[in-house]
Enquirer: 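Just passing along the structure, written as structure tokens.
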Amino acid sequence: MSEQKKNGHLIMLVVTLIFGLNIPLSKSLLPAAMSPEGLTISRFAFGAVAFWMASIFTKKERVPLKDHLFFLVGACCGVIFNQGLFLVGLSHTSPIDASIIITAGPLFAMIFAALILKEPITLMKAGGVLVGASGAILLVYSGSHTVATQSSVAGNLMIAGSSMIYAFYLVISRPVVARYSAVTMMKWMFLYASVMVVPFFYPHILEAPVVQTPTLKPVLQMIYTLFGATFVTYLLLAMAQQRIRPTTISMYNNLQPLIASFVAIMVGMDHFSMLKLLAGALIFSGVYLVTQSKSKADIENAKVKAAIKLVEKQEI
């Protein structure tokens with residue numbers, strides 16, 4: 001594995017850790033401290049400000065009009081609909097159901113990559129997606145669920161829609177991410193997302209209990225969501241996209257239930273079992289299989305090398 005791919009996997013491990021902790025934190029904020037709409041547009045506005053401030057300290061990059069159109073589409077798919085549907089859906093379903101549904105992300109990414117980027121769906125890649133998803137689902141169901149949260153079909157469909165749209169974004173953005181820094185991409189995407197949404201929904205922020213009567217715990221949770229699960233994660237995700245494939249990035253979604261389970265065990269809310277160990281092994285096996293599967297570039301390079309060897313043999 002190349003150094004670039006290794007760095008991509010390390011980046012995604014950090015992103016997955018942050019996202020995994022953010023799911024229960026966001027759920028606890030909704031709707032007592034802030035409405036789903038308020039939390040969503042707070043992330044848009046904070047992301048826009050944070051990335052434009054960060055751009056002051058990075059190299060300026062000229063963006064042609066055609067790429068601005070992509071950033072506009074990316075803002076809709078990778079920011080607005082992805083975050084909006086997820087947070088609104090999370091307020092209408094349980095974290096358990098949400099964790100299970102997001103395991104479909106790698107499947108969506110694999111299909112979109114095949115249709116748009118012509119990436120092959122190899123037996124190893126498909127097997128890795130299925131093995132990883134089965135491990136994540138097994139892990140979720142093996143947990144000790146002491147609090148029952150009612151789920152709705154609409155909430156579950158929103159979570160599924162969020163995963164599908166984000167998988168689509170990962171695939172369509174692949175050709176563009178190599179041309180710009182992570183900061184340049186994100187500053188434009190979050191700016192467009194904020195311009196399209198914040199002017200219409202800003203009262204959700206002003207009327208939020210966490211804003212009107214701030215208390216320490218919700219404020220700290222908001223800081224984590226805004227800075228950690230928005231600015232840091234989207235910055236790192238753009239960097240990971242430059243190094244590894246969309247399906248591989250999506251596979252890290254399956255690690256989120258594993259992280260949540262580990263945290264629950266550490267704080268005494270759950271207990272270790274052999275079933276959890278098996279589930280963790282399946283998840284990591286799935287990620288490994290997808291990582292080792294051949295990409296379109298790998299297959300083409302193998303054909304070129306085979307042709308070169310054949311020519312060399314004929315010359316001898």
Enquirer: Quick one, Val129 and Val290 - any side-chain contact, counting heavy atoms below 4.5 Å?
Expert: yes
Enquirer: Quick test of your reading: applying ring pair (Phe, Tyr, Trp, His ring centres under 6.0 Å), list the pairs with at least one residue in residues 116-136, sequence neighbours left out, ordered by first then second residue.
Expert: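 Sorted result for residues 116-136: empty, none.
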Enquirer: Shortest non-hydrogen contact from Ala238 to Ala182?
Expert: CB-CB, 3.5 Å
Enquirer: May I ask you to decide if Gly78's main-chain N or O and Tyr234's side chain share a donor-acceptor pair within less than 3.5 Å?
Expert: yes
Enquirer: Would you be so kind as to tabulate the donor-acceptor pairs closer than 3.5 Å made by side chains of residues 18-25, with sequence neighbours excluded?
Expert:
{"from": "Asn22", "atom 1": "OD1", "to": "Ser26", "atom 2": "OG", "distance (Å)": "3.3"}
{"from": "Asn22", "atom 1": "OD1", "to": "Thr225", "atom 2": "OG1", "distance (Å)": "3.0"}
{"from": "Asn22", "atom 1": "ND2", "to": "Ser26", "atom 2": "OG", "distance (Å)": "3.1"}

Enquirer: Kindly write out the residues that satisfy side-chain hydrogen bond (donor to acceptor under 3.5 Å, both in side chains) with Ser28, not counting sequence neighbours, or none if the list is empty.
Expert: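 Listed in chain order: Gln221.
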Enquirer: Quick one: which residue pairs count as a ring pair (Phe, Tyr, Trp, His ring centres under 6.0 Å) with a foot in residues 104-127, not counting sequence neighbours?
Expert: Phe112-Phe168
Enquirer: Side chains of Glu119 and Thr247: is there a donor and an acceptor less than 3.5 Å apart?
Expert: no
Enquirer: Can you tell me if CZ on Phe284 sees more than 12 non-hydrogen neighbours from other groups inside 6.0 Å?
Expert: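 Open.
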Enquirer: Filter on side-chain hydrogen bond (donor to acceptor under 3.5 Å, both in side chains), then keep only pairs touching residues 162-171, sequence neighbours left out; what's left?
Expert: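 Every side-chain hydrogen bond (donor to acceptor under 3.5 Å, both in side chains) pair that includes a residue of residues 162-171, provided the two are not neighbours, is Asn82-Ser162.
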Enquirer: Do Thr184 and Ser55 have side chains that get closer than 4.5 Å, going by heavy atoms?
Expert: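 Thr184 vs Ser55: side chains apart.
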Enquirer: Looking at Leu236 and Val15, what are the two nearest heavy atoms and their distance?
Expert: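 Result for this residue pair: CB-CG2, 3.5 Å.
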Enquirer: How would you list all residue pairs meeting side-chain hydrogen bond (donor to acceptor under 3.5 Å, both in side chains) that involve residues 123-139, not counting sequence neighbours?
Expert: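 Checked against side-chain hydrogen bond (donor to acceptor under 3.5 Å, both in side chains) - neighbours excluded - no pair reaches residues 123-139.
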Enquirer: Any salt bridge (Lys or Arg N to Asp or Glu O under 4.0 Å) involving residues 171-185? Give me the pairs, sequence neighbours left out, ordered by first then second residue.
Expert: Asp67-Arg179
Enquirer: By side-chain hydrogen bond (donor to acceptor under 3.5 Å, both in side chains), which residues pair with Thr230, not counting sequence neighbours?
Expert: Arg43
Enquirer: When Ile, Leu, Val, Met, Phe, Trp and Tyr are grouped by side-chain heavy atoms lying under 4.5 Å apart, directly or through other members, which residues fall in the same group as Met53?
Expert: Val49
Enquirer: To which residues is Tyr288 joined in a hydrophobic cluster, defined by side-chain heavy-atom contacts under 4.5 Å among Ile, Leu, Val, Met, Phe, Trp and Tyr, whether direct or through other members?
Expert: none
Enquirer: Taking salt bridge (Lys or Arg N to Asp or Glu O under 4.0 Å) as the cut-off, I'd like each qualifying pair that reaches into residues 47-65, sequence neighbours left out, listed once.
Expert: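 Residue pairs passing salt bridge (Lys or Arg N to Asp or Glu O under 4.0 Å), neighbours aside: none found.
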Enquirer: For residues 189-207, dump all side-chain donor-acceptor pairs below 3.5 Å to protein atoms at least two apart in sequence or in another chain.
Expert:
{"from": "Tyr192", "atom 1": "OH", "to": "His68", "atom 2": "ND1", "distance (Å)": "2.8"}
{"from": "Ser194", "atom 1": "OG", "to": "Phe44", "atom 2": "O", "distance (Å)": "2.9"}
{"from": "Ser194", "atom 1": "OG", "to": "Phe190", "atom 2": "O", "distance (Å)": "2.8"}
{"from": "His204", "atom 1": "ND1", "to": "Ser35", "atom 2": "OG", "distance (Å)": "3.4"}

Enquirer: Ignoring hydrogens and angles, state whether a donor on the side chain of Gln242 or Tyr180 is under 3.5 Å from an acceptor on the partner side chain.
Expert: no
